[in-house]
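One-based numbering, in listed order, for ligands and for the atoms of each. Counting from 1, the numbers follow the sequence of the chain as shown. Worth knowing before you read on, the calculation uses all heavy atoms, side chains too, and leaves out hydrogens, waters and symmetry mates.
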Amino acid sequence: MMQTPLTMTQMMERAEKYFPKKEVVSRTGGGIHRFTYKQIAERTRRLADSLTKLGVKKGERVGTLAWNHHRHLEAYFAIPCMGAVLHTINIRLSPQHISYIINHAEDKVLLVDSDILPLLEKCAPELKTVKAYIIMSDETEIPETTLSPVYHYEQLLAEANPEFSYPEDIAENDPAGMCYTSATTGNPKGVVYSHRGIVLHSMALGLADSAALSEKDIALPVVPMFHANAWGMPFSAVWFGTTLVLPGPYFTPKLLAGLIEQEKVTVTAGVPTIWLGLLKELDEGSYDMSSLRGVLCGGSAAPKGMIKAFEQRHKIPFMHAYGMTETSPLVVISTLKSYQEELDDEERLELRAKQGTLVPGLEIKILGKDGEVAWDGKEMGELCIRGPWIASEYYKDERTEDAFRDGWLHTGDVVTIDEEGFVKIVDRTKDLIKSGGEWISSVDLENALMAHDAVFEAAVVAVPHEQWQERPIACVVLKDAYKEKTSKEELFDFLKPQFAKWWIPDDILFLEEIPKTSVGKFLKMSLRDQVQKEVLRKS
Ligand code: ADP
């Protein structure tokens, strides 16, 4: 066979050639903008030309600090297609971490949204490699800033060549993108994506038994473009000519519901906290969600109660999936097999709440205490993955040795796998609760609690225990309407029939809010500290 390189240039060129009329709908601070792929492709060429003129060379990193909008999409393609490396920066990290990753990646140019300027200004004195800042804004003037030198994105594009030719010497294993995981301890860890990895992962998102993204879809990635490349959705969407709807900054559940209704969105993607918020909005308001064929949910476990509410109450099909920054991210997705569609509602729900089966192209093994675990849905082990869109190392980081061993990525996620090959994430290794030498899954307890009508969110953490080593404590946020009338006892009574006695938490604390990470996951570390203090105070 021919050895043609799998590079990202072909993706944008396909959209340009075959889907010039298809649209990108972009919400920015200035409102809703509509562009055709013809326009986006031309603007992308202009951006690549501008960056070349600013001196960006092959292999150099260009960072973005931006929300999900058309300019960010243009950067998503211009940077890799000109042979440089797109470094998406998580704007919800602390200024210290942001400075660390910009220096560590040695970014040459930064593209930044005007509302994120104050954050970047805080980091700027620490930055060692940045030669230029480009401000992305709807305003015609550059806002006042301490950054220097600064350029205006639209002014640069206006002066650039709309027919810029992408270089032809890009190899498929060349770096195309880069992203740092948010790391709850220590500095964030960098992952570099190759052109080949991105192309193959994009193809996987289009497979009928995975997310089945296609030209006919209208896709709304709610997951930020700085969180594992918005799970690769923008890459696939451009390649396939899918209509893209980008939700921009500071959206609310109301705004999301409105966008889905107005733009007739067919598929959307985000973390469970986003869907819990949307669910509340759908329960309270009146929206037409009939265009939606799937809500892709990952990043942390989707509670069964939430999946049930979406599917049964609102008739919106759910697609639970699992992945990591290190895995591009798609690894497993819970689409049912043909004969599983015959199962009753409860059994189907049980399967959908698992993270699903392996996407073609990857390999997994699950290592327990004595080698690979049985496919019985019970034995727990650490999930290990390998494949063409799985990172092989952390960028210039000695922590590579821990996670990448014997040609496999050791994920630090504890899972089970059932007879049908459905993987279920039991916990992160560090969040598992070890009680009396046995493991308790915090995720299972959280899921059970969140299935109670009164519970909005629940997180379960371990506290040290003299006799049992660790014991679980549940933290619960009640829905407003239930705050006055729900007791601990009621929740204990709800849990007891569902679990062995020793799994039942020692206490249930009612909180106003559960602390979250920069990408909307429960921040277990800070919650553990908070709970341990509370337990000490009570004893
Ligand atoms: P971060 O490490 O910054 O949280 P990632 O998105 O890379 O960013 O996190 C990947 C981790 O998220 C996985 O290792 C796993 O623990 C968790 N995760 C992802 N998807 C799911 C899911 N569907 N269910 C449970 N946990 C998940």
Would you check whether Thr411 has a nitrogen or oxygen atom less than 3.5 angstrom from a nitrogen or oxygen atom of ligand 1?
no
Which heavy atom in Pro472 sits nearest to a heavy atom in Val460, and how many Å separate them?
CB-CG1, 3.8 Å
Show me the side-chain donor-acceptor pairs of residues 364-371 shorter than 3.5 Å, one per line, residues at least two apart or across chains.
none

Give yes or no for whether the N/O distance cutoff of 3.5 Å, strictly under, is met between Ile425 and ligand 1.
no
Checking salt bridge (Lys or Arg N to Asp or Glu O under 4.0 Å) for the pair Glu457/Lys521: CA distance, chi angles, key distance, verdict?
CA-CA 11 Å; Glu457 280 181 331; Lys521 305 181 189 188; over 6 Å; no
Contact with ligand 1 for Ala228, non-hydrogen, under 4.0 angstrom
no
Heavy-atom distance to atom 12 (O) of ligand 1: which of Lys521, Gln355, Lys189 wins?
Lys521
Would you say ligand 1 has an N or O under 3.5 Å from any N or O of Thr181?
no
Side-chain (His452) to main-chain (Ala454) donor-acceptor, under 3.5 angstrom
yes
Hey, is Ser518 touching ligand 1 through its side chain, its backbone, both or neither, going by heavy atoms under 4.0 Å?
neither
N/O of Val519 under 3.5 Å from N/O of ligand 1, yes or no?
no
When you measure from atom 17 (C) of ligand 1 to each heavy atom in Ala321, Gly299, Pro188, which option holds the nearest one?
Gly299
Under 4.0 Å between a Lys/Arg side-chain N and an Asp/Glu carboxylate O for Arg399 and Asp397?
yes
Please confirm whether Asp413 comes under 4.0 Å of ligand 1, counting heavy atoms of the residue only.
yes
When you check the side-chain N and O atoms of Ser442 and Lys524, is any donor under 3.5 Å from an acceptor?
yes
Separation between CG of Leu259 and CG of Leu256, rounded to the nearest 0.5 Å:
6.5 Å
Has ligand 1 got any nitrogen or oxygen that is less than 3.5 angstrom from a nitrogen or oxygen of Ala301?
yes
With the side chain counted from C-beta on, respond yes when Glu420 and Gln340 share a heavy-atom pair under 4.5 Å apart, and no when they do not.
yes
At under 4.0 Å between heavy atoms, which part of Arg428 makes contact with ligand 1: side chain, backbone, both or neither?
side chain
Under 4.0 Å from any heavy atom of Gly323, which atoms of ligand 1 are there?
10 (C), 13 (C), 19 (C), 20 (N)
